[in-house]
Each structure stands twice: as C-alpha cells, then as structure tokens.
Amino acid sequence: MVGWLASPCRGALRCLCLLSVLLLVDVSTRPANHSAARERITNRDENEILPPDHLNGVKMEMDGHLNKEFHQEVFLGKARDEFDEDSEPRRSRRKLMVIFSKVDVNADRRISAKEMQHWIMEKTAEHFQEAVRENKLHFRSVDPDGDGRVSWDEYRVKFLASKGHNEREVAERIKNNEDLKVDEETQEVLENLKDRWYQADNPPSDLLLTEDEFLSFLHPEHSRGMLQFMVKEIVRDLDQDGDKRLSLPEFISLPVGTVENQQAQDIDDNWVKDRKREFEELIDANHDGIVTPEELEEYMDPMNEYNALNEAKQMIAIADENQNHHLEPEEILKYSEFFTGSKLVDYARSVHEEF
C-alpha cells in the first residue's frame with residue numbers, strides 16, 4: 001500500500017493487499033498488523049526508486065496505519081535483524097542483555113526514562129544515517145550524468161525502466177514529448193510522484209533535485225516540509241467530513257472489509273483499541289478530542305525529544321512489574337517479545353547467567 005496514491009487507486013491496491021492476506025493466513029481482510037513491513041522492503045527490487053511504504057523509526061505508516069514495529073525499531077536499531085524467531089534463545093538473551101547494558105549508562109542495573117529517551121534518539125539517528133547511505137546509491141542510479149542534480153524527466157525514465165519499460169525508448173519518447181504508453185494506474189502513480197517531487201524541490205522551484213532534496217523525496221521524515229506533506233496526505237485519507245482535522249471516530253474507523261470469523265473480529269478489536277489509545281494518550285496533545293495536522297506532525301516527527309521521552313515512559317510501563325518506573329533485567333527478558341519481536345524462554349532462570 002502506498003500512501004501517496006490517489007484515493008481510487010489506493011482503494012484498489014488496498015483491496016488487492018487485503019485479498020493477499022486472506023489467501024495467506026485465512027483470516028478476514030484487515031491490514032492492522034504491519035509485522036511484514038520490513039519483509040516488503042527487503043523484497044523490493046534493488047533498482048526500485050519509489051519512496052518506501054515503511055519508514056523505520058516513524059510512528060505511522062505512509063498510509064495512516066500505526067507502525068506496529070516502532071518500539072522494536074527504536075530499541076534494537078540495526079541489531080533488529082539479529083533477533084528472529086529461529087535464533088538460539090540463549091544467544092538472543094545475551095544480545096538483549098548487551099543492549100540493556102548499553103542503555104543503562106550509569107550501570108545501576110536499571111533503565112530510567114531519561115536513559116531510554118537518549119537511547120531512542122540514538123537509534124532513530126541510526127535509521128536516519130542508514131537512509132542517507134541508501135539515498136546516495138539511489139541518487140547515483142538516477143543521476144547518470146553525475147552533475148549532482150536530477151531532473152523530473154531523468155527520474156521518470158529510471159522509474160519506468162524499473163517497472164520493465166525499455167529505458168532508451170522511454171527517454172526518446174520524453175525527449176520528443178510523445179505519449180509514454182503506460183497504463184492508467186502507472187500514469188496516476190507518476191502524477192502523484194510529480195506532486196511529491198514538487199514538494200521536495202526547495203524554492204526557487206526548478207524541478208531539479210539535489211541529493212539532499214532527493215533524500216526528502218524518498219524519506220519525508222528528513223524534511224520538515226515533506227513531513228508536513230506526508231501529514232497532509234494522511235489527514236486527507238482519514239478525514240471523512242472534510243474539516244481537515246481528525247476526530248476519534250475518523251481515526252479508529254476500520255478499513256473496508258467484512259468480519260468472517262472470530263480471529264478477524266479479534267484483529268478488528270485490537271485495531272480499534274490500539275488506535276484509540278494512541279489517539280487519546282499520544283497524538284491528541286491538548287486532549288480536546290480532535291487531532292490537528294500540527295498535532296499529528298509533532299507526533300510523527302522522529303526527532304521530537306518530548307515524544308521520545310513519552311515513548312520511553314510508555315515502553316518502561318509495559319514491563320514495569322514492580323512499579324518503580326525503571327526497567328530491570330528480569331523485566332526486559334520477561335517482556336522480550338515487546339522489545340525484540342521474539343519470545344526468549346526461561347527469562348527468570350537465565351537473567352543472572354546473562355548478566
């Protein structure tokens with residue numbers, strides 16, 4: 001699903017995605033679970049130069065869904081790939097305790113909210129740096145003459161070539177101002193990409209993107225202006241009454257689909273519960289029951305230190321069984337699935353061994 005597609009096209013793509021889920025897991029068509037987000041990105045063609053659907057370390061997806069892997073992304077950073085369901089539990093516990101020790105700056109065997117906040121900001125910066133490195137590669141692929149600027153036409157050629165079109169033929173047609181002979185869906189994608197291209201092009205607008213501007217085009221979280229554009233798109237998609245703000249009913253509204261079994265109903269219930277909690281506790285800053293674009297922007301800004309502190313407190317509260325407002329080794333091992341996505345068994349018995 002791509003957040004920048006126009007509504008009719010987006011609806012069609014969502015239906016296709018939902019049908020795929022139904023065929024794979026035999027549950028009702030509900031896109032609330034984004035556990036496959038990283039897999040989708042990993043499977044993208046190496047020549048793919050579309051803006052990614054999923055942004056690591058950002059709380060909301062491009063299509064307005066909550067990022068279900070956010071806590072793992074900001075806690076594990078680049079180490080996340082080391083924790084999978086098939087990994088050896090003892091080795092995973094040891095890795096988790098190594099991370100615990102790094103977060104625990106004062107070595108008192110407890111993680112405070114401030115320590116967790118600092119760690120979240122550090123891991124978010126890692127995701128930023130990774131995006132910058134990837135952007136350099138993508139930029140070179142669309143800047144064949146190496147002049148440090150990419151025109152919209154150059155990008156169009158590379159984009160259509162990545163979709164299977166003949167690069168030389170496309171370039172010739174663009175040069176001669178001829179019809180590109182693409183299907184309606186691809187044409188609609190191009191039109192929306194061009195809107196995004198304009199947004200990333202800092203004034204004075206010339207439709208030529210530098211490497212930094214191309215980074216904003218691919219990763220809106222790197223630019224205040226592009227982050228605002230992303231927020232505008234999300235509000236447009238979820239806003240049902242046209243007031244350019246989001247009420248709770250609009251934010252928790254279920255995607256189109258029918259409940260076919262109890263498992264699907266449970267997914268629906270979790271969708272509503274998770275989004276209601278996020279709306280009331282984190283996004284609606286003044287608690288007036290309405291989320292403005294400004295509030296959503298602050299919520300989605302990955303480098304917002306105040307948000308990082310709130311996230312740190314929330315993450316600690318999830319596992320803080322003794323209610324001392326700190327995270328301890330036994331607690332992080334017991335709630336390892338929340339922090340790593342994997343269950344690490346025998347947490348109580350092994351905590352002293354690993355430490």
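Since this is a predicted model, take the numbers as computed values, not measurements.
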- Task: Starting from Met303, walk the hydrophobic network (Ile, Leu, Val, Met, Phe, Trp, Tyr; side-chain heavy atoms closer than 4.5 Å) and list everyone else you reach, by chain and number.
- Result: Met121, Phe128

- Message: Suppose the criterion is side-chain hydrogen bond (donor to acceptor under 3.5 Å, both in side chains): which pairs have a residue in residues 145-155, not counting sequence neighbours?
- Response: Asp153-Arg156

- Message: Check whether Asp104 reaches the backbone of Arg109 with its side chain - one donor and one acceptor, N or O, closer than 3.5 Å.
- Response: yes

- Task: Could you tell me whether Asp239 and Arg236 make a salt bridge, using a distance below 4.0 angstrom between a side-chain N and a carboxylate O?
- Result: no

- Check Glu126 against Gly77 and note the closest heavy-atom contact, atom names and distance. OE1-CA, 3.9 Å

- Query: Around Gln323, counting heavy atoms of other residues, nucleotides and ligands shown, do more than 12 lie under 6.0 Å from its CD?
  - Reply: yes

- Message: Using side-chain heavy atoms (C-beta onward) and a distance below 4.5 Å, is Lys232 in contact with Gln228?
- Response: no

- Message: Counting only heavy atoms not in Arg168 (residues, nucleotides, ligands), do more than 12 fall under 6.0 Å from its CZ?
- Response: no

- Item | Phe214/His138 aromatic ring centres below 6.0 Å | no

- Query: Measuring from Tyr299:OH to Asn310:CG, what's the distance to the nearest 0.5 Å?
  - Reply: 11.5 Å

- Task: Would you check if the side chain of Asn135 reaches a backbone N or O of Glu211 as a donor-acceptor pair within less than 3.5 Å?
- Result: yes

- Query: Hey, any chance Val189 and Val182 share a hydrophobic cluster, counting ILVMFWY side chains that come within less than 4.5 Å of each other, even indirectly?
  - Reply: yes

- Message: So does Gly57 get a backbone contact from the side chain of Glu73, meaning a donor-acceptor N/O pair under 3.5 Å?
- Response: yes

- Task: Look at the side-chain heavy atoms of Ile, Leu, Val, Met, Phe, Trp and Tyr, link any pair under 4.5 Å apart, and say whether Leu209 and Val142 land in one connected group.
- Result: yes

- Query: Could you go step by step and tell me if Met60 and Leu66 meet the side-chain contact (heavy atoms from CB on, under 4.5 Å) rule?
  - Reply: CA-CA 5 Å; Met60 192 171 284; Leu66 298 180; 4.1 Å; yes

- Task: Sequence neighbours left out, what passes side-chain hydrogen bond (donor to acceptor under 3.5 Å, both in side chains) with Asn304? Give chain and number order.
- Result: Glu298

- Item | Test side-chain contact (heavy atoms from CB on, under 4.5 Å) applied to His165 and Phe159, step by step | CA-CA 9 Å; His165 294 265; Phe159 166 71; over 6 Å; no

- Item | Atom pair CD1/CD of Ile283 and Glu278 - distance to nearest 0.5 Å | 5.5 Å

- Query: Any side-chain heavy atom of Glu130 within less than 4.5 Å of one from Asn56?
  - Reply: no

- Looking at CD1 of Ile318 and NZ of Lys313, how far apart are the two atoms once the value is rounded to the nearest 0.5 Å? 15.0 Å

- Ignoring hydrogens and angles, tell me if any N or O in the side chain of Asn192 forms a donor-acceptor pair with the backbone of Arg196 under 3.5 Å. no

- Message: Counting C-beta onward and ignoring hydrogens, is there a side-chain heavy-atom pair between Ser205 and Tyr198 closer than 4.5 Å?
- Response: yes

- Item | Nearest heavy-atom neighbours spanning Pro51 and Leu193 | CD-CD2, 3.7 Å

- Taking the side chain as every heavy atom from C-beta outward, state whether Met97 and Pro329 have any atom pair closer than 4.5 Å. yes

- Item | Heavy atoms of other groups near Glu305 CD, more than 12 under 6.0 Å | no

- Report yes or no: does Arg173 contribute a side-chain atom to a donor-acceptor pair with the main-chain N or O of Asp179 at less than 3.5 Å? yes

- Item | Check: Asn106 main-chain N/O paired with Glu115 side-chain donor or acceptor under 3.5 Å | yes

- Message: Between Lys59 and Met300, is there a side-chain heavy-atom distance shorter than 4.5 Å?
- Response: no

- Check Pro302 against Val58 and note the closest heavy-atom contact, atom names and distance. CG-CG2, 4.3 Å

- Query: Which value, rounded to the nearest 0.5 Å, describes the distance between Lys78 atom NZ and Lys123 atom NZ?
  - Reply: 7.5 Å

- Using a side-chain heavy atom cutoff under 4.5 Å and only I, L, V, M, F, W and Y, what cluster partners does Val105 have? none

- Query: Between the side chains of Asp63 and His65, is a donor N or O closer than 3.5 angstrom to an acceptor N or O?
  - Reply: yes

- Task: Indicate yes or no for a side-chain donor-acceptor contact from His287 to the backbone of Glu280 under 3.5 Å, with no hydrogens or angles considered.
- Result: yes

- Before accepting this row, confirm whether a basic side-chain N of the pair Arg224/Glu297 lies closer than 4.0 Å to the acidic partner's carboxylate O. yes

- Item | Between CG on residue Leu282 and CD on residue Gln314, distance to nearest 0.5 Å | 5.0 Å

- Message: Under 4.5 Å side-chain heavy-atom separation, chaining through any Ile, Leu, Val, Met, Phe, Trp or Tyr, what else clusters with Leu208? Say none if it is isolated.
- Response: none

- Query: CD1 of Ile99 to CG of Leu76: how many Å apart, nearest 0.5 Å?
  - Reply: 5.0 Å

- Task: Say whether, by atom type as modelled, one donor and one acceptor occur between the side chain of Glu233 and the main chain of Met62 under 3.5 angstrom.
- Result: no

- Distance-minimising heavy-atom pair for Ser216 and Ser223: OG-CB, 3.2 Å

- With side chains defined as the heavy atoms from C-beta onward, is the minimum distance between His325 and Ile316 less than 4.5 Å? no

- Query: Counting distance only, does the side-chain N/O of Trp197 pair as donor-acceptor with the main-chain N or O of Phe217 below 3.5 Å?
  - Reply: no

- Task: For Phe75 and Leu96, run side-chain contact (heavy atoms from CB on, under 4.5 Å): C-alpha distance rounded to whole Å, both residues' side-chain angles, the deciding distance at 0.1 Å, then the answer.
- Result: CA-CA 10 Å; Phe75 184 73; Leu96 186 55; 3.8 Å; yes

- Query: Can you hop from Leu215 to Leu50 via hydrophobic side chains spaced under 4.5 Å?
  - Reply: no

- Item | Salt-bridge present (Lys175, Glu172; N to O < 4.0 Å) | no

- Task: Verify side-chain hydrogen bond (donor to acceptor under 3.5 Å, both in side chains) between Glu61 and His54, making sure each step is shown before the conclusion.
- Result: CA-CA 6 Å; Glu61 306 286 1; His54 177 82; 2.9 Å; yes

- Nearest heavy-atom approach of Asp201 to Leu207 is OD2-N, 2.7 Å

- So, are Glu330 and Lys334 salt-bridged, with charged N and O less than 4.0 Å apart? no

- Is there a salt bridge (charged side-chain N to carboxylate O under 4.0 Å, His left out) between Lys194 and Glu191 once you walk through the steps? CA-CA 5 Å; Lys194 189 172 184 179; Glu191 289 171 1; over 6 Å; no

- Between Glu250 (side chain) and Asp241 (backbone), is there a donor-acceptor pair under 3.5 Å? yes

- Item | Neighbour count above 12 (heavy atom, 6.0 Å) for His118 NE2 | no

- Message: According to a hydrophobic-cluster definition based on side-chain heavy atoms being under 4.5 Å apart (Ile, Leu, Val, Met, Phe, Trp, Tyr only), do Leu309 and Val103 belong together?
- Response: no

- Message: Would you say Val150 ends up clustered with Val157 if hydrophobic residues are merged whenever their side chains have heavy atoms under 4.5 Å apart, either directly or through other cluster members?
- Response: yes

- Query: Do Asp284 and Phe251 come close enough that some side-chain heavy atom pair is under 4.5 Å?
  - Reply: no

- Message: For a 4.5 angstrom cut-off between non-hydrogen side-chain atoms, does Leu160 reach Leu190?
- Response: yes

- How would you list, by chain and number, every residue that makes a side chain to side chain contact (heavy atoms under 4.5 Å, CB included) with Val98, sequence neighbours excluded? Lys102

- Task: Could you tell me which non-hydrogen atom of Glu331 sits nearest to which non-hydrogen atom of Glu321, and how far apart they are?
- Result: OE2-N, 3.1 Å

